Amino acid sequence: MPTTLDLADFDAMGVATELVVALRSHAIRHGADTVATVDAPPGWHRLRVTARRSGHIVLSIRYDDLTRSRLHNVAGALEERGWQLDEDANGATRRYLPGTEATDAAFELLAVVPLAGSPIGTRSVTARDATGNEVALS
């Protein structure tokens with residue numbers, strides 16, 4: 001069942017933090033990496049939040065659906081925020097070590113979802129683990 005993340009809502013930080021905690025907890029308890037995808041309007045960047053069974057959290061954005069202009073703007077903004085370019089140069093990631101506060105990843109999540117002019121609004125978030133099972137985020 002998808003979770004709703006309303007970027008204009010005051011409680012978006014609480015929802016984003018719960019999302020990170022739920023992913024990390026599921027990954028560690030079940031010994032399976034878990035990925036949540038924050039949807040985006042057509043032509044904009046989707047954000048993936050991956051919780052590793054080790055407790056790591058990885059935020060990632062792929063540039064596949066972006067026009068050249070949007071790719072340039074999003075990639076530049078992510079680089080300024082300290083994200084690392086993926087090996088294939090078609091995306092970027094930001095990693096958080098085990099033990100990092102869930103709020104650190106949640107703050108970054110909320111900062112990059114509307115990056116480079118992506119519309120602010122309600123986003124659908126779905127999650128699955130490495131075995132294909134849907135993961136509850138709330």
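Keep in mind that this is a model prediction, so the values were computed, not measured. Numbers here simply count residues along the sequence, with the first being 1.
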Between [X] and [Y], what is the shortest heavy-atom contact and its length?
X: Tyr96; Y: Leu59; value: CE1-CD1, 3.9 Å
X: Ala102; Y: Thr17; value: CB-CG2, 4.1 Å
X: Leu137; Y: Ala36; value: CD1-CB, 4.5 Å
X: Arg94; Y: Arg81; value: NH1-O, 3.0 Å
X: Met13; Y: Ala106; value: CE-CB, 3.6 Å

To the nearest 0.5 Å, what is the distance between OG1 on Thr126 and CG on Asp39? 7.5 Å
How long is the straight-line distance from CG of Leu5 back to CG of Leu109, given to the nearest 0.5 Å? 6.5 Å
For Ala92, which residues count as a side-chain contact (heavy atoms from CB on, under 4.5 Å) partner, sequence neighbours excluded? Tyr63, Leu78, Trp83
Restricting to side-chain hydrogen bond (donor to acceptor under 3.5 Å, both in side chains), what partner residues turn up for Thr4, sequence neighbours left out? none
Give every residue pair that meets the ring-ring contact (aromatic ring centres under 6.0 Å, His included) criterion with at least one member in residues 14-41, sequence neighbours excluded. His26-His30
Transitive ILVMFWY side-chain link Ile120 to Trp44, under 4.5 Å: no
Do Val58 and Leu110 belong together in a cluster built from hydrophobic side chains that touch within less than 4.5 Å? no
Can you confirm whether the side chains of Ser118 and Arg123 place a donor and an acceptor under 3.5 Å from each other? yes
Can you confirm whether [X] sits close enough to [Y] that some side-chain heavy atom of one is under 4.5 Å from a side-chain heavy atom of the other?
X: Arg68; Y: Leu71; answer: no
X: Asp86; Y: Thr93; answer: yes
X: Val20; Y: Ile57; answer: yes

Can you give me every donor-acceptor pair (side chain of residues 45-52, partner residue at least two apart or in another chain, under 3.5 Å) with its distance?
residue, atom, partner, partner atom, Å
His45, NE2, Val112, O, 2.8
His45, NE2, Val113, O, 3.2
Arg46, NH1, Asp65, OD2, 2.7
Arg46, NH2, Asp65, OD2, 3.2
Arg52, NH1, Asp33, OD2, 3.0

Please determine whether the number of non-hydrogen atoms from other residues, nucleotides or ligands lying under 6.0 Å from atom CZ of Arg62 exceeds 12. yes
Excluding sequence neighbours, so at least two apart, what forms ring pair (Phe, Tyr, Trp, His ring centres under 6.0 Å) with His56? none
Can you name the ring pair (Phe, Tyr, Trp, His ring centres under 6.0 Å) partners of His72, sequence neighbours left out? none
